[in-house]
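Numbered from 1 within each chain, the chains take letters A, B, ... in sequence-line order.
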Protein chains: 2
Amino acid sequence: MSKRHVSLKTLAQTLNVSISTVSRALRNHPDISAELTQKVQELAQELKYSPNPLAIGLLKDQSNTIGVIVPDLVTYFFSSIISGIESVANEHGYYIVIRCSYESAEKEKECLDNLLKLRVAGVIMCLAQETQDYSHFSNLIEEQVPLVFFDRVCRSEEVSTVVVNNQEAARQITRHFFESGYRRIAHIAGPAQLNITQERIQGYQQGLAECGLPFDDSLLVHCDLSIPSATEATQQLLALPSRPDAIFGVNDTTAFAAMKEIKRQGLRIPADIGLVGFTDEFHATVVEPTLTSVMHPTYEMGREAGLLFLKQINPQVEVAPQQTVLTTQLVVRESSVK
Amino acid sequence: MSKRHVSLKTLAQTLNVSISTVSRALRNHPDISAELTQKVQELAQELKYSPNPLAIGLLKDQSNTIGVIVPDLVTYFFSSIISGIESVANEHGYYIVIRCSYESAEKEKECLDNLLKLRVAGVIMCLAQETQDYSHFSNLIEEQVPLVFFDRVCRSEEVSTVVVNNQEAARQITRHFFESGYRRIAHIAGPAQLNITQERIQGYQQGLAECGLPFDDSLLVHCDLSIPSATEATQQLLALPSRPDAIFGVNDTTAFAAMKEIKRQGLRIPADIGLVGFTDEFHATVVEPTLTSVMHPTYEMGREAGLLFLKQINPQVEVAPQQTVLTTQLVVRESSVK
DNA sequence: AACCTTTGCGCAAAGGTTTGCGGAATTATC
DNA sequence: GATAATTCCGCAAACCTTTGCGCAAAGGTT
């Protein structure tokens with residue numbers, strides 16, 4: 001096995017001074033003579049000394065790691081958000097420890113417990129879609145452990161959050177469909193309890209109302225964000241006696257699954273069915289027809305979550321939880337213009 | 001701020017026994033009476049005691065975290081590998097700390113240094129495409145720090161690695177093109193120094209030879225795996241006096257970019273140009289035409305990397321570096337069959 | 001020359017955990 | 001009833017770092 005790292009003790013013994021002197025010299029403490037300070041720093045560099053974060057963490061009872069919990073590690077949406085978090089963390093000397101809840105409430109709780117046992121400085125997370133009980137966050141909130149939710153949020157009076165303007169985006173999509181001549185506009189929504197689902201449904205309904213279209217609840221179906229589920233939802237819509245002529249998917253993955261199913265049934269996009277997604281990943285420009293989608297600033301969402309987190313980490317003043325709303329932008333492509 | 005966690009000291013003071021007794025009781029040490037052991041364990045449970053990993057790490061000079069360095073956090077390829085690593089790590093009580101090298105050799109070195117400063121137990125990584133000098137791994141190798149490379153590897157006599165059968169896969173692709181009637185088969189390869197590039201080129205050339213086709217080096221172009229670069233490579237191929245009738249992309253992203261450019265130039269797939277990718281992400285089934293691709297077992301690659309790592313972490317016997325080769329499978333879809 | 005200030009460094013405690021060793025109290029042995 | 005063996009627990013060191021305090025030597029002031 002490898003021998004231990006070089007420590008202050010190593011430096012101190014080599015130079016025949018005390019550990020505390022070495023510690024001070026490295027931090028340029030005025031108590032230490034310039035001469036000795038230089039000698040210490042040179043030796044430290046030569047021996048590649050680096051302070052042991054475990055010891056520092058132990059002393060201060062906090063580490064320089066941020067726990068990150070996502071429902072899914074694989075999709076572009078989350079990986080690009082993680083990328084944003086990582087970049088901010090990196091810039092500020094933090095490290096991110098990632099765990100995946102696999103959309104399970106139970107696993108989410110387990111991840112949270114584990115990360116806290118690891119003594120992370122706090123947690124940045126997106127709720128699992130299963131999660132309906134939010135009581136496991138009470139401890140964190142009471143003990144003021146830094147906590148940030150992104151995209152799927154809860155208890156936002158007590159916790160800082162980053163979301164996008166879901167309602168407005170959904171409203172724009174609906175109006176865009178209307179303006180393109182679509183009249184029976186369906187929505188494949190996410191799990192009902194999620195804020196993103198609710199807000200997008202509201203925007204959808206608002207858009208319908210503004211366009212003078214009735215809300216037909218057979219045109220509103222839910223899915224669990226998985227591909228099979230999205231496919232099934234699409235089948236359900238296409239099997240309606242009075243078929244929709246446009247579908248708004250809760251995200252791009254859902255829209256891609258819908259696209260696949262629509263084509264499989266021999267229907268044409270956008271002629272027979274208009275289609276719009278949400279996220280605007282690269283593949284939206286590759287599929288045929290290219291997919292109209294709402295540009296979700298995922299990377300920025302990650303960065304913003306990281307920044308909100310850092311605000312809580314060293315509160316100069318008592319900071320109140322802060323709600324950031326990022327704006328999206330509708331990117332119109334072929335799939336929604338007849 | 002939050003007060004400190006409950007420690008052995010807390011338990012000891014509450015029960016009026018010594019810290020060492022509490023420590024032993026929790027680990028069921030025979031020196032401690034059954035009665036006291038039970039009392040201690042009950043209190044620990046009640047107070048939700050969990051041992052401080054920082055203290056243990058300090059004592060043993062190792063942590064239960066694994067450093068993971070990837071060139072890119074966002075693409076499916078890496079995020080699904082990370083998912084595999086995370087699942088193995090999780091199963092064995094480890095946590096993964098992720099850093100991104102952004103394909104830069106300098107950043108890669110920086111990530112490595114930072115992770116080592118963090119006192120990770122070891123590192124699982126994929127080389128940045130820029131990296132040509134492999135000397136920064138010498139320290140790790142000498143000091144027997146657990147190290148695993150996946151996909152893009154180096155120094156594989158000294159370091160455990162996980163790769164796929166790149167050469168064979170490329171050979172199969174080439175033969176598949178030939179059997180589908182394509183004769184001028186081009187290859188958009190990755191950066192020349194990468195093992196995956198070299199191996200796939202070898203397989204490509206082997207396949208050509210087996211089919212009795214000449215190797216035309218104007219049909220072999222390189223890209224840096226970015227979308228603009230892949231687009232440019234495609235343009236270069238399509239502009240050749242004697243245009244290729246088939247393109248084998250080094251990965252799916254490259255193939256998608258090529259598909260977009262081929263369509264933009266008004267050429268048809270697979271009639272005018274056959275196309276095959278490498279990775280087989282979900283979107284291969286969504287694009288039109290659906291993309292023939294090599295199924296790369298990314299999640300398994302992550303899991304295998306994790307397992308190789310764990311083998312090194314507590315070497316019962318002196319373990320030699322181990323090379324794992326995973327097998328791929330060609331998935332034929334519309335893009336390569338006339 | 002006596003006193004005060006400054007300079008430059010070390011001691012020791014704290015944080016949480018593990019573990020070899022020692023020691024008191026109980027039980028077993030003759 | 002004395003000695004030996006066992007049972008059960010505490011002391012203290014070690015891992016590494018930071019920091020308040022103390023202290024000696026040097027310099028400065030009257």
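- Separating the NE2 atom of H29(A) from the C1' atom of dT7(C) is a distance of 12 Å, rounded to the nearest angstrom.
- Although no hydrogens or angles enter the test, the distance criterion places no donor-acceptor pair under 3.5 Å between the side chain of E108(A) and the main chain of E103(A).
- Distance, L58(B) CG to dG16(C) P: 12 Å, rounded to whole Å.
- Between the CZ atom of R27(A) and the P atom of dT19(D) there is a distance of 5 Å, rounded to whole Å.
- A donor-acceptor contact under 3.5 Å is not formed by the side chain of S7(A) with the base of dC15(D).
- Residues from residues 39-57 of chain A with heavy atoms under 4.0 angstrom of DNA chain C, sorted by number: A55(A).
- Rounded to whole angstrom, the span from the CG atom of D31(A) across to the P atom of dA25(D) amounts to 18 Å.
- If you run side chain to side chain contact (heavy atoms under 4.5 Å, CB included) between T131(B) and each of K109(B), R152(B), H136(B), only H136(B) comes through.
- Of the candidate nucleotides dG16(C), dT18(D), dT19(D), dT18(D) has the atom lying nearest to any side-chain atom of I19(A).
- Contact between the side-chain N/O atoms of S33(A) and the OP1/OP2 oxygens of dC9(C) is found at a separation under 4.0 Å.
- Sorted by first then second residue, the side-chain hydrogen bond (donor to acceptor under 3.5 Å, both in side chains) pairs that include residues 112-127 of chain B, not counting sequence neighbours, are S50(A)-R119(B).
- To the nearest angstrom, P of dG8(C) lies 17 Å from CG of L15(A).
- dA25(D) atom P lies 18 Å from atom CG of L36(A), rounded to whole Å.
- Distance R119(B) CZ to dT17(D) P: 7 Å, rounded to the nearest Å.
- Side chains of I56(B) and P53(B) form no contact here, defined as non-hydrogen atoms less than 4.5 Å apart.
- A straight line from CG of L26(B) to C1' of dT19(C) spans 15 Å, rounded to a whole angstrom.
- Side-chain atoms of Q312(B) never come within 3.5 Å of backbone atoms of P146(B) as a donor-acceptor pair (strictly under, hydrogens ignored).
- Of the candidates V148(B), V68(B), L112(B), L112(B) is the only one forming a side chain to side chain contact (heavy atoms under 4.5 Å, CB included) with M125(B).
- In this model, the phosphate group of dT18(D) is approached by a side-chain N or O of S23(A) to a distance below 4.0 Å at OP1 or OP2.
- Contact of the T14(B) side chain with the L43(B) side chain is registered, since non-hydrogen atoms from C-beta on lie closer than 4.5 Å.
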(request) Taking Watson-Crick and G-U wobble pairs with both distances under 3.5 Å, convert DNA chain D into its dot-bracket string, 5' to 3', dots for unpaired and | for cross-strand pairs. (result) ||||||||||||||||||||||||||||||
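- Counting only heavy atoms from C-beta outward, the side chains of I85(A) and M301(A) never approach each other to under 4.5 Å.
- Toward the 5′ end of DNA chain C lies the nearest nucleotide of R24(A), the other residue of the pair L8(B) and R24(A) mapping further downstream.
- Side-chain contact between L308(A) and I124(A): absent, with no pair of heavy atoms (C-beta onward) separated by less than 4.5 Å.
- Looking at heavy-atom distances under 4.0 Å, K9(B) makes contact with sugar-phosphate atoms alone, never a base.
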